[in-house]
Q: 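Right, I'll just put the structure down here and ask away after.
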There are 2 protein chains.
Amino acid sequence: MKPFVLVVEDEEALATLLDYNLDKEGFRVERAADGEEGLLKVEEETPDLILLDWMLPKVSGVEVCRQLRARPETRRTPILMLTARGEESDKVRGLDTGADDYVVKPFAMSELTARIRALLRRTRPELVDERLEYADIILDRGSRRVTRSGRNVHLGPTEFRLLDFLMQRPGRVFSRERLMDAVWGPNTYVELRTVDVHVGRLRKALRDGGHEDPIRTVRSAGYSLDQQA
Amino acid sequence: MKPFVLVVEDEEALATLLDYNLDKEGFRVERAADGEEGLLKVEEETPDLILLDWMLPKVSGVEVCRQLRARPETRRTPILMLTARGEESDKVRGLDTGADDYVVKPFAMSELTARIRALLRRTRPELVDERLEYADIILDRGSRRVTRSGRNVHLGPTEFRLLDFLMQRPGRVFSRERLMDAVWGPNTYVELRTVDVHVGRLRKALRDGGHEDPIRTVRSAGYSLDQQA
DNA sequence: TCCGAGCGTCACATAAGTGTCATGCACCAC
DNA sequence: GTGGTGCATGACACTTATGTGACGCTCGGA
C-alpha cells in the first residue's frame, strides 16, 4: 500500500517535478492545480498527506488548510506547506496555520521526501516504516526479516534486496538489467543470468511451506512480484 | 516502440551521463557531438525529441533549433535546450528560439526526465503512457499485461509488441512491411508472411472467451486495429 | 586455520515462442 | 460461374529463454 500524497500546486513545472519524484519514491500522487480543486480531490479520496502551496489561485493555501482542519476526516491529515522565500512569515514558521511542517522554495527533493516521511511516520508509521507488505509476505527492513503467513523466511542479503525492490512496485515488470542495477548496484560486472539464479533462490525460499510462487516470469522482459494468471 | 531521443551535446562526460540515464529510463538514445552532426542525424531518422545544448561547436544550438523548425518533418518535434547558468538570457527563458523547454546546468537527472516526459506527453502521448486502451482491450506496459473485458490475455513477446504498435494508432492500416519494421526491427530478414501468422495468433488470443475479432484485414494493404465494418 | 553461508557461473533440461510451409477458403475481376 | 491472388490456419521443426542443481570461490567468524 503506497502512501497517497495530494500535491496542490499551481506551477505546472514544479507539480510535474514533484509528481515524478514522489512517484519514484514510492508514493501515489494526485495533483490539483488550485485550492478549489484540491479540496475537491480531498473529498474524493482522503490523502495520507497533502503537499500544499502557500500561494494558490482561487483558494489560498492558508484557507485550504483551515478548511481541511475543519473537516473531521482530514483533521489529522499531515499538511506540508510549500512557501517561496520571503513568504515565510512568522505565521508560517509558527505553523499556526494548521500545517504540520513547511519547506521553502527552492528546496532539494531529498529534503522534501525526508520531511514527508517524517510526517507520515508520525501519523501512519506503517506507510513509511521499514516495512513492506505484499499479500501474505511481510518484509521488515529494520530487523531485516521476511515472513510469509507469519512464518519466517530465510533470505540471503542479495535475495533480501531483490525482494525489497520488487515489493516496492508489485505488479511491475523489471528487466534483468534493471534488477541488476537496483540490487547489485549500477557498476557491477556480473552475468545477467545471475539474476535468474537469485530469483530462483528467492522463489524457493518464498515457496517454502507449500506457498504459491509470488513471482511472475515475463518471457523476454523480466520478472515481477505479482499473480501469475 | 521506445521513444527516440537525439542528444546533441559536445561535452563527452555529460553526453555519456545522459545516454546512460535516458537509456535506463527507457529511451532509445542517439548522440551527436556538434550542431552539424546533429542536423545530419536528424535527417537519418526523425527523433521523437531532441536534447540540444545551447553552446555547440560549428553550428550553435540556437541555429540548429532554427533550422529544425524550418524543416517540415521536425517542425513539431519537441526540443529541450540545455543551457549553462548565466546563459539563460531572456531569449532562452521566453523560448522564442523555437525550443519547447529548457533546463539549466547543472540539473538533476530526475528533473530532466520529468521534463522530457512532459514534452513527449504533449506531442506523442502514446509513446510515454503506461497504458493503452482500445475498446475493452487494455494494454499495460508497466506490468506487461493485456486484458480484454477484465480477463487476462496471454501474449508472446512478438504479439505483445504487435498489439502495442497497433494500439498506438487504432483504425490506421499498416502494411506488412511497416509492421515488420516496427515490431521486428528495421533490419530483420524474415518472410513478410510471418506477419500474417502473428496477426493470426494475436487474433486468436484476443478472441479468446468469445470476443469479437478487433483486427481488420485490408486486402492487399495490411491490417488495422478497428471494427470490421 | 577451518567452516559454513552466500555468491556467481556453468551445463543441461525444459518450456515457450518463432518462422515456414502446405492447404483450403474468400474475394475480386471478368 | 471461373480463375487467380491474397489470406487464414494448423502443423512442425527449430530457436531462444528460463529453471535448476552442482561446483568452486570468497570472506568473516569461531
Side-chain angles (χ1 to χ4, degrees), chain A residues 144-146 152-166 173-185 187-208 212-226 228-229, chain B residues 144-146 152-166 173-185 187-208 211-225 228-229:
Chain A
R144 220 196 134 283
R145 184 160 294 180
V146 175
N152 199 32
V153 177
H154 177 82
L155 295 180
T158 307
E159 285 124 57
F160 185 84
R161 288 198 305 277
L162 180 56
L163 179 60
D164 186 313
F165 184 71
L166 290 175
V173 176
F174 297 103
S175 67
R176 291 164 221 288
E177 286 85 351
R178 189 87 177 65
L179 292 171
M180 203 82 232
D181 264 17
V183 177
W184 278 259
N187 288 90
T188 326
Y189 304 100
V190 174
E191 285 294 319
L192 264 190
R193 290 298 309 279
T194 300
V195 175
D196 297 29
V197 177
H198 280 274
V199 166
R201 288 170 181 160
L202 175 57
R203 275 179 158 147
K204 193 162 148 190
L206 290 172
R207 270 197 316 251
D208 199 67
E212 270 216 352
D213 181 1
I215 296 177
R216 174 170 60 116
T217 300
V218 182
R219 187 161 241 261
S220 84
Y223 299 96
S224 82
L225 184 70
D226 191 337
Q228 308 293 327
Chain B
R144 252 195 139 74
R145 276 183 195 279
V146 174
N152 202 22
V153 177
H154 178 85
L155 297 180
T158 307
E159 286 127 54
F160 187 87
R161 289 198 304 276
L162 180 56
L163 178 61
D164 186 313
F165 183 72
L166 290 175
V173 178
F174 297 103
S175 66
R176 294 176 171 70
E177 286 84 353
R178 186 87 180 71
L179 292 172
M180 203 81 232
D181 264 17
V183 177
W184 278 259
N187 289 89
T188 326
Y189 305 99
V190 176
E191 285 295 318
L192 265 190
R193 284 279 156 215
T194 300
V195 175
D196 297 29
V197 177
H198 279 275
V199 167
R201 288 171 181 159
L202 176 56
R203 275 178 159 150
K204 190 163 149 192
L206 289 172
R207 270 196 318 250
D208 198 68
H211 290 289
E212 270 215 353
D213 181 1
I215 296 177
R216 179 167 59 109
T217 301
V218 182
R219 200 181 163 84
S220 79
Y223 299 95
S224 83
L225 184 70
Q228 305 299 324

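Every chain is numbered from 1 and lettered A, B, ... according to where its sequence line falls, protein lines coming before strand lines.
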Q: Of the listed nucleotides (C:dG17, C:dT9, D:dA8), which one gets closest to any side-chain atom of A:Arg219?
A: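 When the side chain of A:Arg219 is considered, C:dG17 is the closest of C:dG17, C:dT9, D:dA8.
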
Q: May I ask you to say what B:Ser220 touches in the nucleic acid, namely base, sugar-phosphate or nothing, with a heavy-atom cut-off under 4.0 Å?
A: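 Contact class for B:Ser220: sugar-phosphate only.
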
Q: Ignoring the backbone of B:Val190, work out which of C:dG8, C:dT20, C:dG6 is nearest its side chain.
A: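 So the nucleotide nearest the side chain must be C:dT20.
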
Q: Reckon A:Arg193 has a side-chain N or O less than 4.0 Å from the OP1 or OP2 of C:dC10?
A: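 Checking C:dC10 against A:Arg193, no side-chain N or O comes under 4.0 Å of OP1 or OP2.
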
Q: Okay, side chain of B:Thr188, backbone of B:Trp184: is any donor-acceptor separation there less than 3.5 Å?
A: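 Yes: the side chain of B:Thr188 pairs with the backbone of B:Trp184.
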
Q: Does D:dG19 have OP1 or OP2 sitting under 4.0 Å from an N or O in the side chain of A:Tyr223?
A: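 For A:Tyr223, the contact criterion (side-chain N or O under 4.0 Å from OP1 or OP2 of D:dG19) is met.
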
Q: Considering only side-chain heavy atoms of A:Arg176, which listed nucleotide, D:dA17, C:dC7, D:dT9, is closest?
A: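 Within the option list, the nearest is D:dA17.
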
Q: Using atom NE2 of A:His198 as one end and atom C1' of D:dG21 as the other, report the distance to the nearest whole Å.
A: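 These atoms are roughly 15 Å apart.
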
Q: Has A:Arg203 got a side-chain N or O lying under 4.0 Å from the OP1 or OP2 atom of D:dG19?
A: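 Checking D:dG19 against A:Arg203, a side-chain N or O does come within under 4.0 Å of OP1 or OP2.
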
Q: Could you tell me how far apart B:Arg207 (CZ) and D:dA8 (P) are, to the nearest whole angstrom?
A: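 These atoms are roughly 10 Å apart.
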
Q: Is A:Phe160 touching bases, backbone alone, or none of the nucleic acid, heavy atoms closer than 4.0 Å?
A: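 Contact class for A:Phe160: none.
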
Q: Nearest whole angstrom, please: distance from the C1' of C:dA26 to the CZ of B:Arg216.
A: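 It works out to 17 Å between those atoms.
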
Q: Rounded to the Å, how far apart are A:Glu159 CD and C:dA5 P?
A: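 Between P of C:dA5 and CD of A:Glu159: 13 Å.
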
Q: Once you round it to whole Å, what is the distance between P of C:dG19 and CG of B:Leu179?
A: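 Checked: the CG to P distance equals 14 Å.
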
Q: Is a side-chain donor or acceptor of A:Arg216 paired with a backbone partner of A:Ser224 at a separation under 3.5 angstrom?
A: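 The answer is no, because no donor-acceptor pair under 3.5 Å joins these two groups.
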
Q: Tell me which of B:Val199 and A:Ala221 sits closer to the 5' end of DNA chain D, going by the nucleotide each one is nearest to.
A: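 Upstream on the strand: B:Val199.
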
Q: Does B:Thr217 make a side-chain N or O approach to OP1 or OP2 of D:dC7 shorter than 4.0 Å?
A: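 Looking at the OP1 and OP2 atoms of D:dC7, neither is under 4.0 Å from any side-chain N or O of B:Thr217.
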
Q: Take a 6.0 Å sphere around CD of A:Glu177 and say whether it holds more than 12 heavy atoms from other residues, nucleotides or ligands.
A: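 It does: A:Glu177 CD has more than 12 such atoms within range.
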
Q: Out of C:dC7, D:dG19, C:dT18, which has the shortest distance to the side chain of B:Pro157?
A: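 The closest nucleotide is C:dT18.
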
Q: Which whole-number value in Å describes the distance from A:Leu192 CG to D:dT16 P?
A: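 For the pair A:Leu192 CG and D:dT16 P, the rounded distance is 17 Å.
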
Q: Do B:Arg201 and D:dG10 share a donor-acceptor pair, side chain to base, under 3.5 Å?
A: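 No pair found.
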
Q: Does OP1 or OP2 of C:dT18 have a side-chain N or O of B:Trp184 closer than 4.0 Å?
A: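 Indeed not, no polar side-chain atom of B:Trp184 lies that close.
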
Q: Starting at CE of B:Met180 and ending at P of C:dG19, how long is that distance when rounded to a whole Å?
A: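 My rounded result for the distance is 7 Å.
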
Q: Would you tell me if any nitrogen or oxygen in the side chain of A:Thr194 comes within less than 4.0 Å of OP1 or OP2 on C:dT9?
A: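 A:Thr194 to C:dT9 OP1/OP2: side-chain N or O found under 4.0 Å.
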
Q: Counting N and O atoms only, with roles assigned by atom type, does the side chain of B:Arg176 sit under 3.5 Å from a partner on the main chain of B:Asp196, one being a donor and the other an acceptor?
A: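 Absent.
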
Q: Can you check whether B:His154 has a side-chain N or O nearer than 4.0 Å to OP1 or OP2 of C:dG17?
A: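 For C:dG17, OP1/OP2 do have a side-chain N/O of B:His154 under 4.0 Å.
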
Q: From the set D:dA22, D:dA8, D:dG21, return the single nucleotide nearest to any side-chain atom of A:Lys204.
A: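 Among D:dA22, D:dA8, D:dG21, the one nearest the side chain of A:Lys204 is D:dG21.
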
Q: Could you tell me the separation between the CG atom of B:Asp196 and the P atom of C:dT18, rounded to a whole number of Å?
A: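 Computing the B:Asp196:CG to C:dT18:P distance gives 16 Å.
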
Q: More than 12 heavy atoms of other residues, nucleotides or ligands under 6.0 Å from CZ of A:Arg145: is that the case?
A: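 12 or below, so no.
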
Q: For A:Phe160, is the NZ or CZ atom of A:Arg144 found under 6.0 angstrom from the centre of its six-membered ring and inside 45 degrees of the ring axis?
A: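 The answer is yes, since A:Arg144 meets both limits relative to A:Phe160.
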
